[in-house]
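Encoded as C-alpha cells, the structure appears first; notes follow it.
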Amino acid sequence: MIPSKSQVIRDGKLKNLPAAELVLGDIVFVRMGDKVPADIFIIAATDFKVDNSSLTGEAEPQERGPHNSMQNQLEATNLAFNSTLAVNGEAYGIVIRCGDNTVLGQIAGLTQSEHKSKSPMTTEINNFVATIGTVAILSAIIFFIIAQVNTGKISFALNFAIGVLVAWVPEGLPATVTMLLTIAAKRMAAEKVLVKDLRGVETLGAITLLATDKTGTLTRNQMTATNFWCGLKLYSANSSATNLPPDEKTFDHNGSGIQEILHISAMCSRARFDRTDVPIDQRTITGDATESGLFRFAAQKLNDIDQLQDKYPKVFEIPFNSENKWHMAIHKRPHATGKLTLFMKGAPERILRICSTILKDGEAITMEKDHQDEFTRSYEYMAGKGHRVLAFAMLNLPESEYLENIEFKKEPKNYPSTGLCFVGLASLEDPPKHGVREAIGRCREAGIKIMMVTGDHPLTAEAIGRKINLMLADTKELHAKKTGRAIESIAESEIHAIVIHGERIDELTDVDWDNIFSKDEIIFARTSPKHKLQIVKRAQSLGHIVGVTGDGVNDSPALKKADLGISMNISGSDVSKEAASMILLDDNFASTVKGVKEGRLIFVNLKKCIQYTVTHTIPEVIPFILWVVVPIPSMIGSLQVLVVDLGFELFASLSYAWEPAESDYLMKLPPRIPVSPESIAKLRKRRIEDAEDAGGNANDANGNDGHPVELTLSQKLKMLTSMRYWKRKFENPDGEIMVDSNGLSWAYLEVGFIEFIGSATAFFVVMYKGKYPDGTVFGLSPWDIRGMQQSPNSYFSSGAPTYTTLTGSNLLNGSAMFQLICMQMQDYCSIWKVCFE
C-alpha cells in the first residue's frame, strides 16, 4: 500500500511529508482531491468542502471554514477529519489529533475491542453436545463399573465402556452441520449474498431486528434530480411518472424554463465526465455530488452535452462559496441584445434576493408578491420532502454595456450581481435503491423490525424512511400537529413511530430505551459510530438477535458487535467488509430478504438433519448394554458404529441440504425466537440470577451490553447443585430451538426403538435361520446365545470348545465366531439400510 502523503508547513516552507510523521500543532495544507491526513482545526479556507459520507453517512459534501456554531464534533464546520476527501477548494488547518487518536482511529479501536456474541445455532448445538456428552461419559463410567463387577475383566469392561461412549456420541453431527451450512452458503452466493462466517447463514434467518444505515444501503449515495419549479409550474423529473401528487406535472421537455435550467446545470458547473467515448450511462462524473446530479440529468436530456462547452465557451466564473452561496458563470451565448449570457445557481433565498424578474412562457416579467408566495410554497414543498433545493437565474448581458471581448474581474467588480431573471427551482435527493420498499414490506411480513440508524439529518432520514415505507405511523410531533394537541398531552401508547436525534442518546435512561424499542418504527439520526454501537448493545440486552447493514467506516463497530454484520461490496469500505460476517455482492438491500428466507429454510432442514442423525444412537447403545446386562454377544462393534456415523450417515443426511420448504408461508411466520415484554422480563430475571450466582451486583445485570454473565468453573459446578439451575433447564424455551424435547423424544424413543427392534430382530433371525457355507442351518435360539455368552468358555472366539445347542446340534471350533460375524453384519446392515430410507 502507498503511504499517505501530506503537505505541511515547517521552517516556513511547504513540504511533502508522510502523514505518519505529522505531530500535534503542525499546519497542513489540503486542497481539492487530497485526503485529509489527520484531524485538523481549520484556520483559513477558500470554498473548502469535504466528503464526510464514510463517517457520518451524509451524501452531500460539507462546507468547512474557520467558524463554527455546532456542538457535535462531527457536525462542527471548523473541523476536518482524517481520511475524509476534499472535493472542493483548499484550506489550512492545525493538526489536533493524529494516529489512533483521530476519529477514524477511535472507530478502529471500537471495532477491535468488540467481540461478537455466539450465534443462536452455536449456543443451541453446544448445549446439546454438552448434554449428550455428559450422558455418554456417565453411561460409560456406570457400565464400566457394572461390567467390571460382573466379569472381573478390566479389558472387557474398558472395551465395553468405550463402545457405549462411541455409541452415544453422534460423531457425524459436526461434519453434517458444516456441510449443510456450506451448501446453503453456496446457494446464497448465487443470490449475490457472500457468507464469510458459516454460522451467519442460520443467524440471518433468526434475526428479530435489522438496523440499517441509510446512505449507500437504503439509498444509492448518488444525488438525483426529483422536481423542478419553473414557469410557475411544478414538474416531476420523471417523464414517465404516474400517480403523481395533485400539484405535480409530468416532466415537459418544452415547458417554460426547463431548457434554461438544463443549460445552467450543464454550463454553470464544475462537474465533468471522465470520458466521452462511451454512452452517457456508462460515464463517471467527477465533481460535487449536487452538481453531479444536475449535470447527469442535463446530460440525459440534452443531445449536445459534449459540445456545449465548445459551442458556448466560458469567459468568467465565480465558484460557490460560503459567503455568496451561489455559483456564477458567464458564457459566450448569443441572444437578441448581445453575445454574453450570465448563468447563476445557488441557495434559493440568496438567488431570489438578487432577481427582479421571473421567467414565464419564455419572457422575463416583473416579479410580484404572488410570484414570491408561489416560490415560497414550492420551496417549502420540496424542502419538506427532505430534498436539497437549488435556485437558478440568468441574465442576457446587453452588448451596449458588456462587449464580447470584455475582461471580467472580481476586483474591482465589473459584472452584474442584481437585476437577474429568476428561472426556477430544482430539488435533488439521494434516492432509495430499487426493491428496498418491497424488501422492507417482506421483512415486516416476516416479523422482523427494521430500524434506520444514520448520521444524516433527522428530517432527511424521516423523509427517506417514509418514502420506502420504513416509517408509516405518525411521530409524536407529527401527531400533535395533526390533532392540534400539546405534545405533553399525548400518551406513549398512542404513538408507534419515533425519530431520535443522536444528541439525546447519551442522556437516555433505561426507561427511555425500553420505550424506544417498544415502538414499531424507529429512526436514529445524527448518530456517531459510538452511538451505533450503543444502540446494537441495547437491542441485544433486550434479547433481540440483531442484524446490522452498513457500508462506511462509521458502521464497522456496530457490524462487528451485531449478531450478524452485513456489508456492501461495491460501495462498502474495506473496514466494513472486514468487520462484517456477510457481504451483499450487488449492494442490493433486497438480497437480504433472500438471505432471510434461506436462513429460515436451513434452520428447518438442520433441525430435521439433527433429529435424523441421533436416531441411530438407541440401536447402537442398547446392544452394548445387553452385552453386559443379559448378557448376549455384542450385536455391533465400535468400528461398525463409527462407519455408520461417519460414513453412510453423512451421505444420507446431506440430502436435507436440498430439502425444499414445506409451505409457502416461511416468510410469513414470526422469528423463531420472538422478543416480547414477557420474554424481556424473563431474560432480565435470568440475568439478575446469573449475576447473583457470579457474586456480582444484581443492579448491573441488565446493563447495555448483550453479553450474558460469565461464570467461573467453580461457580458453574456450584450452580449444578442449585434448584434454580434445574428448574431453568426444564422450562419451556422461548420460541423454537434447534434441538428440543419433542425432536429428541421422536428420535430416541420412537424412531430409535423402532430401529433397534428391526436390527435386533435381524440379529436373532440370522442366528437361528442363517446357514454355513455347506448349507447347514445355524439353529441358535436366544437362550443358546445367552448361555454361550454366560459360559466361562469363550465360544464366540477362535479355538473355542464344541457347544451343544438346546436342539441337540453341535457347534464345532470357530463356528460360533463365524455366526457372530454374520449376525453383526446383519445388524450393521439393518442400521445402514435405515440410513438410506
Side-chain angles (χ1 to χ4, degrees), residues 32 47 49 60-61 87-88 222-231 235-239 251-320 326-335 338-348 351 359 362 387-397 408 415 420-429 431:
M32 184 175 68
D47 306 330
K49 290 184 180 181
E60 295 181 37
V87 296
N88 193 64
Q222 183 183 88
M223 297 299 288
T224 304
T226 54
N227 290 107
F228 295 97
W229 181 75
C230 49
Y235 296 95
S236 167
N238 189 349
S239 57
F251 182 81
D252 183 2
H253 199 277
N254 298 315
S256 175
I258 291 291
Q259 286 296 314
E260 285 76 7
I261 288 181
L262 293 177
H263 279 84
I264 295 173
S265 299
M267 292 190 286
C268 184
S269 173
R270 289 193 166 187
R272 290 292 178 268
F273 288 125
D274 63 335
R275 54 192 299 185
T276 59
D277 57 340
V278 295
I280 289 176
D281 57 356
Q282 297 179 19
R283 302 180 188 178
T284 300
I285 299 178
T286 59
D288 177 276
T290 303
E291 286 194 334
S292 297
L294 290 170
F295 189 77
R296 182 182 296 105
F297 185 82
Q300 293 170 349
K301 301 299 180 181
L302 297 174
N303 295 326
D304 57 349
I305 187 69
D306 293 330
Q307 292 78 39
L308 274 181
Q309 294 296 331
D310 296 330
K311 187 177 181 182
Y312 306 121
K314 184 185 298 182
V315 298
F316 183 66
E317 181 180 30
I318 297 180
F320 183 93
W326 47 252
H327 180 187
M328 185 192 75
I330 299 177
H331 288 255
K332 288 185 177 181
R333 185 172 183 263
H335 50 86
K339 300 290 182 64
L340 302 177
T341 304
L342 181 150
F343 297 126
M344 185 180 288
K345 72 176 190 299
I351 298 294
L359 188 68
H387 295 178
R388 164 88 162 148
V389 184
L390 292 178
F392 298 82
M394 62 181 293
L395 182 64
N396 293 329
L397 302 182
F408 291 97
Y415 57 88
L420 276 67
C421 177
F422 190 87
V423 176
L425 297 171
S427 68
L428 301 94
E429 68 167 345

Next item on the list: Provide the full list of ring pair (Phe, Tyr, Trp, His ring centres under 6.0 Å) pairs with a residue in residues 278-310, sequence neighbours left out, each pair given once.
Entry: F228-F297, F251-F297, F273-F295
Check: With F392, which of L294, L420, I351 fulfils side-chain contact (heavy atoms from CB on, under 4.5 Å)?
Finding: L294
Note to self: Using every non-hydrogen atom in the two residues, find where A266 and R272 come nearest and quote the distance to one decimal.
What the structure shows: O-NH1, 4.0 Å
Check: What's the spacing between M267 CE and I305 CD1 if we round to 0.5 Å?
Finding: 9.0 Å
Note to self: Return the OG1 to NE2 distance between T224 and H387, rounded to the nearest 0.5 Å.
What the structure shows: 10.0 Å
Note to self: Among K49, K345, R388, exactly one meets salt bridge (Lys or Arg N to Asp or Glu O under 4.0 Å) together with E291. Which residue is that?
What the structure shows: K345
Notebook entry, point to check: Would R283 and D306 satisfy salt bridge (charged side-chain N to carboxylate O under 4.0 Å, His left out), going step by step from the backbone distance to the final call?
Noted result: CA-CA 12 Å; R283 302 180 188 178; D306 293 330; 2.9 Å; yes
Check: How about K301: does its NZ atom have over 12 heavy atoms from other parts shown lying under 6.0 Å from it?
Finding: yes
Check: What is the ring orientation for Y312 with H263, classed by angle as parallel under 30°, tilted 30 to 60°, or perpendicular over 60°?
Finding: perpendicular
Item checked: Test applied, side-chain contact (heavy atoms from CB on, under 4.5 Å); reference residue, I330; option that passes from L395, T341, L397, I318 -> L397
Check: Under the 3.5 angstrom rule, does the side chain of S427 hit a backbone N or O of N227 as a donor-acceptor pair?
Finding: yes
Note to self: Apply side-chain contact (heavy atoms from CB on, under 4.5 Å) to residues K332 and L340 and explain how you reach the verdict.
What the structure shows: CA-CA 5 Å; K332 288 185 177 181; L340 302 177; 3.8 Å; yes
Notebook entry, point to check: Between H253 and Q259, is a side-chain contact (heavy atoms from CB on, under 4.5 Å) present by the stated rule, with each step listed?
Noted result: CA-CA 7 Å; H253 199 277; Q259 286 296 314; 2.6 Å; yes
Check: Is any side-chain heavy atom of H331 closer than 4.5 Å to a side-chain heavy atom of Q309?
Finding: yes
Notebook entry, point to check: To the nearest 0.5 Å, what is the distance between CD (Q307) and OG1 (T276)?
Noted result: 9.0 Å
Next item on the list: Report yes if the side chains of C230 and L359 come closer than 4.5 Å at any heavy-atom pair, otherwise no.
Entry: no
Check: Do the ring planes of Y415 and W326 sit parallel (below 30°), tilted (30 to 60°) or perpendicular (above 60°)?
Finding: perpendicular
Check: Has D274 got more than 12 heavy atoms of other residues, nucleotides or ligands less than 6.0 Å from its CG?
Finding: yes
Check: Can you check side-chain contact (heavy atoms from CB on, under 4.5 Å) on Y235 and I261, steps first, answer last?
Finding: CA-CA 12 Å; Y235 296 95; I261 288 181; over 6 Å; no
Check: Taking atom CZ of R270 and atom OG of S292, what is their separation to the nearest 0.5 Å?
Finding: 13.0 Å
Next item on the list: Could you tell me whether the side chain of R333 reaches within less than 4.5 Å of the side chain of M394, counting heavy atoms only?
Entry: yes
Next item on the list: Determine whether F408 and L342 make a side-chain contact, defined as any pair of heavy atoms from C-beta on separated by less than 4.5 Å.
Entry: no
Note to self: Can you tell me how far apart CZ (R296) and OG (S265) are? Round to the nearest 0.5 Å.
What the structure shows: 12.5 Å
Item checked: Pair M328-F316, side-chain contact (heavy atoms from CB on, under 4.5 Å): steps then yes or no -> CA-CA 8 Å; M328 185 192 75; F316 183 66; 3.5 Å; yes
